[in-house]
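This report refers to the structure that appears directly beneath it.
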Amino acid sequence: MKALRLLEWKSEPVLTEVDEPVPGPGQVVVRIGGAGACHSDLHLMHDFEGGLLPWGPPFTLGHENAGWVHALGDGVTGLEVGQPVAVYGPWGCGACERCRLGIETLCENPAAAAVPMGGGGLGFDGGMAELMLVPAARQLLPLPEGLDPVSAAPLTDAGLTPYHAVRRSWSKLAPGTTAVVIGVGGLGHLAVQIVKATTAARVVAVDTRKDALTLATHCGADLAVASGPEAVAEIRAATGGRGADVVLDFVGADATLALGAGVVRPLGDLTIVGIAGGTLPVSFFSVPYEVSIQTTYWGSRPELVEVLDLGARGLVHPKITTFSLDEAADAYTQMQAGHLEGRAVVVPGR
Ligand SMILES: [Zn+2]
Ligand SMILES: [Zn+2]
């Protein structure tokens with residue numbers, strides 16, 4: 001079968017022919033219906049090198065996946081061939097306290113996982129292929145009625161990551177509050193929808209690109225602000241001078257973190273989601289009183305159940321451009337150039 005593989009660090013992925021996977025005991029092979037192209041894959045291609053991570057190439061890309069059960073290994077129960085499923089992407093050991101809570105992102109025994117601190121498309125063969133081996137049946141969530149694999153795939157990361165971030169700040173998003181979403185790309189446009197669907201907060205979206213601001217408005221943002229020297233004043237004016245209760249930074253560069261710190265209100269949350277690697281000086285007087293500055297990483301399996309429900313009910317609806325497996329490398333080129341709107345999803349059967 002065909003697969004888009006990263007063969008070594010600091011290289012472009014290559015479409016190659018590989019053997020079809022066969023499920024061992026407890027494992028499942030999924031026929032991929034959709035595999036999202038994530039901005040973090042660009043970091044895998046360009047920024048990482050040997051020794052930084054406990055895993056490395058070669059592996060098939062694609063860490064946000066959904067499809068249909070294709071083959072069941074011995075002992076797998078509760079799933080049927082042909083059933084539509086989403087793949088929960090972060091794979092832990094399955095046995096530690098965090099994994100038992102479904103928070104496999106924070107597994108405390110990663111050495112016992114299929115790939116330490118990784119998952120499908122992250123050290124282990126992912127979903128940019130016709131078939132994908134999932135090493136433990138617990139990582140598959142049946143799709144609720146009304147949700148197809150193409151729409152479900154981006155929900156497993158581009159949806160789950162902002163959902164987890166927003167959920168952590170729910171108590172600060174009461175009526176009368178404001179959430180600022182910085183960066184309206186694959187994750188940010190879903191963040192706008194998730195805040196609107198699960199809280200009563202107003203949403204201010206910020207981006208450098210005009211198209212992204214239009215997308216934010218279509219996604220329900222109450223105000224779309226062009227980033228630049230005026231952005232802090234504009235957001236402050238829009239909140240009656242008070243500032244934002246929650247800032248979600250989907251970029252994470254020096255400039256966006258400074259913007260976040262400039263608009264966050266006392267007692268607010270400033271959450272760093274994007275991995276651009278920027279820094280923000282933090283000291284007692286550098287941010288307003290009682291502001292919490294936090295990072296966030298992906299999400300839990302129970303949270304993915306909730307995101308899939310939002311997706312099935314149309315409350316969260318990814319903006320998708322589809323690519324065939326032959327065009328998959330092109331999806332990344334367009335992403336790199338900033339030409340993609342929303343999420344690119346590779347559809348192997350297309
Ligand atoms: Zn990702
Ligand atoms: Zn674990």
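Order of listing sets the numbers, starting from 1, for every ligand and every atom in it.
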For E108, the side-chain contact (heavy atoms from CB on, under 4.5 Å) test, sequence neighbours excluded, returns C96, E97, R98

To the nearest 10°, how many degrees is the angle C99 SG to the Zn ion (ligand 2) to C93 SG? 120°

Can you list, by chain and residue number, the protein N, O or S atoms under 2.8 Å from the Zn ion (ligand 1)? C38 SG, H63 NE2, D157 OD2

When the ring planes of H63 and W298 are compared, do they come out parallel, tilted or perpendicular, using 30° and 60° as the limits? perpendicular

In F59, W91, W55, the residue satisfying ring-ring contact (aromatic ring centres under 6.0 Å, His included) with F124 is W91

How many degrees, to 10°, between C96 SG and C107 SG as seen from the Zn ion (ligand 2)? 120°

Check for a donor-acceptor pair, side chain of E303 on one end and backbone N or O of S300 on the other, with a separation under 3.5 Å. yes

Should the pair W170 and Y163 be assigned to parallel (<30°), tilted (30 to 60°) or perpendicular (>60°) ring geometry? perpendicular

With the threshold set at 4.0 Å, does a side-chain nitrogen-carboxylate oxygen contact exist between E130 and R31? no

Any donor-acceptor pair under 3.5 Å from Q193 side chain to H317 backbone: yes

